[in-house]
K.L.:
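Got a structure here, written out as structure tokens. Questions coming.
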Amino acid sequence: ETFGDQRMAALLNPSSVSTDNQMMLMARASGGGTGYTASINFKNNKLIISDLGAEGKLDEIDLDDVASGVWTPNSSIYLEFDLIGNALTARVFNSPGDSSPIAELSYIDTLNLHTTGISGVFTQAAKGDGPATYGAWDSVSVTSVASIPEPTSAALIAALGGVMAFRRRR
């Protein structure tokens with residue numbers, strides 16, 4: 001099945017045998033090697049959003065910097081990847097069901113190169129660094145979603161609803 005606007009999520013379980021893994025959620029991919037990924041590079045503890053095509057790495061953050069004290073390197077982590085229009089957002093949680101992410105990375109693809117495609121998971125070893133990759137995924141899901149309002153938009157809608165309710169009571 002192909003997806004346009006979607007939310008992907010999975011529990012990433014790196015192996016203690018090798019920490020050279022980069023575990024990825026891939027979305028809007030085509031057979032021609034294009035699409036987007038949200039990944040965690042367990043070698044250097046980076047959360048990364050990439051374009052599988054010509055653009056390559058789009059943005060990254062260091063989990064050791066933004067999630068210090070709540071992030072345990074090389075441990076299982078829950079990764080969520082939203083693709084709504086040209087807005088790409090990756091969120092990291094300690095476990096499924098947590099309400100607050102320990103890290104979040106957003107990117108707007110102004111070229112909007114990939115609008116639909118297949119979704120999946122994959123892993124790769126850091127280039128030239130050691131043995132085969134090890135790791136597993138659990139609770140993998142892909143859900144087609146309607147446009148999700150940004151938090152500021154949702155707050156504005158709630159505020160307007162409150163004003164209208166107040167005006168009706170008077």
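One is the number of the first residue; the rest follow in order along the sequence. Heavy atoms only: backbone and side chains are in, while hydrogens, waters and symmetry mates are out.
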K.L.:
Test question: given the 4.5 Å side-chain rule for I, L, V, M, F, W and Y, name all other residues clustered with L11, or answer none.
P.N.:
Y78, F93
K.L.:
Take R91 and D82 through the salt bridge (charged side-chain N to carboxylate O under 4.0 Å, His left out) test and state the conclusion after the steps.
P.N.:
CA-CA 8 Å; R91 290 180 199 83; D82 287 350; 2.8 Å; yes
K.L.:
Quick check on the hydrophobic clustering: are L63 and I48 connected, directly or via other members, by side-chain heavy-atom contacts under 4.5 Å?
P.N.:
no
K.L.:
If I compare all heavy atoms of A27 with all of S119, which pair ends up nearest, and what's the gap?
P.N.:
CA-OG, 3.9 Å
K.L.:
Using modelled atom types only, decide if a donor and an acceptor are shared between the side chain of D109 and the backbone of L111 within a distance under 3.5 Å.
P.N.:
yes
K.L.:
With a 3.5 Å distance limit and no angle check, can you tell me whether R28 reaches the backbone of L83 through a side-chain donor-acceptor pair?
P.N.:
yes
K.L.:
About how many Å separate CD1 of I61 and OG of S106, when rounded to the nearest 0.5 Å?
P.N.:
9.0 Å
K.L.:
If I take atom OG1 from residue T116 and atom CD1 from residue I118, how far apart are they, to the nearest 0.5 angstrom?
P.N.:
10.5 Å
K.L.:
Any side-chain heavy atom of R7 sitting closer than 4.5 Å to one from F81?
P.N.:
no
K.L.:
Under the criterion side-chain contact (heavy atoms from CB on, under 4.5 Å), I'd like the reasoning laid out for V140 against V121: C-alpha separation, chi angles, the key distance, then a yes or no.
P.N.:
CA-CA 8 Å; V140 177; V121 295; 4.2 Å; yes
K.L.:
Find out whether N86 and T115 are in side-chain contact, i.e. whether some heavy atom of one side chain is under 4.5 Å from a heavy atom of the other.
P.N.:
no
K.L.:
Can any side-chain N or O of D98 pair as donor or acceptor with the backbone N or O of S95 at less than 3.5 Å?
P.N.:
yes
K.L.:
Run the side-chain contact (heavy atoms from CB on, under 4.5 Å) test on L79 and L25 for me, step by step, so that the C-alpha distance in whole Å, both residues' side-chain angles and the decisive distance to 0.1 Å come before the verdict.
P.N.:
CA-CA 8 Å; L79 178 60; L25 298 178; 3.9 Å; yes
K.L.:
Is there a side-chain contact between T143 and Q6 (heavy atoms, below 4.5 Å)?
P.N.:
no
K.L.:
Does D62 use its side chain to pair, donor to acceptor, with the backbone of K46 at less than 3.5 Å?
P.N.:
no
K.L.:
Where do I77 and V92 come nearest, in terms of heavy atoms and distance?
P.N.:
CG1-CG1, 3.2 Å
K.L.:
Check D5 against G85 and note the closest heavy-atom contact, atom names and distance.
P.N.:
OD1-N, 2.8 Å
K.L.:
Measure the spacing between OG of S30 and CG of L52 and express it to the nearest 0.5 Å.
P.N.:
8.5 Å
K.L.:
Evaluate N13 against D138 for side-chain contact (heavy atoms from CB on, under 4.5 Å), listing each step before the verdict.
P.N.:
CA-CA 8 Å; N13 301 297; D138 194 5; 3.8 Å; yes
K.L.:
For D64, what residues pass the salt bridge (Lys or Arg N to Asp or Glu O under 4.0 Å) criterion, not counting sequence neighbours?
P.N.:
none
K.L.:
Could you tell me whether the side chain of S50 reaches within less than 4.5 Å of the side chain of K57, counting heavy atoms only?
P.N.:
yes
K.L.:
State the CG-OH distance between L88 and Y107, to the nearest 0.5 angstrom.
P.N.:
8.5 Å
K.L.:
Please check if any side-chain donor atom of T89 sits under 3.5 Å from a side-chain acceptor atom of E104, or the reverse.
P.N.:
no
K.L.:
For side-chain contact (heavy atoms from CB on, under 4.5 Å), just list the numbers for M23 and F42, CA-CA rounded to whole Å, side-chain angles, deciding distance to a tenth of an Å, and then say yes or no.
P.N.:
CA-CA 8 Å; M23 297 181 74; F42 287 97; 3.9 Å; yes
K.L.:
Looking only at heavy atoms, which two atoms of I49 and L105 are closest? And how far apart?
P.N.:
CD1-O, 3.5 Å
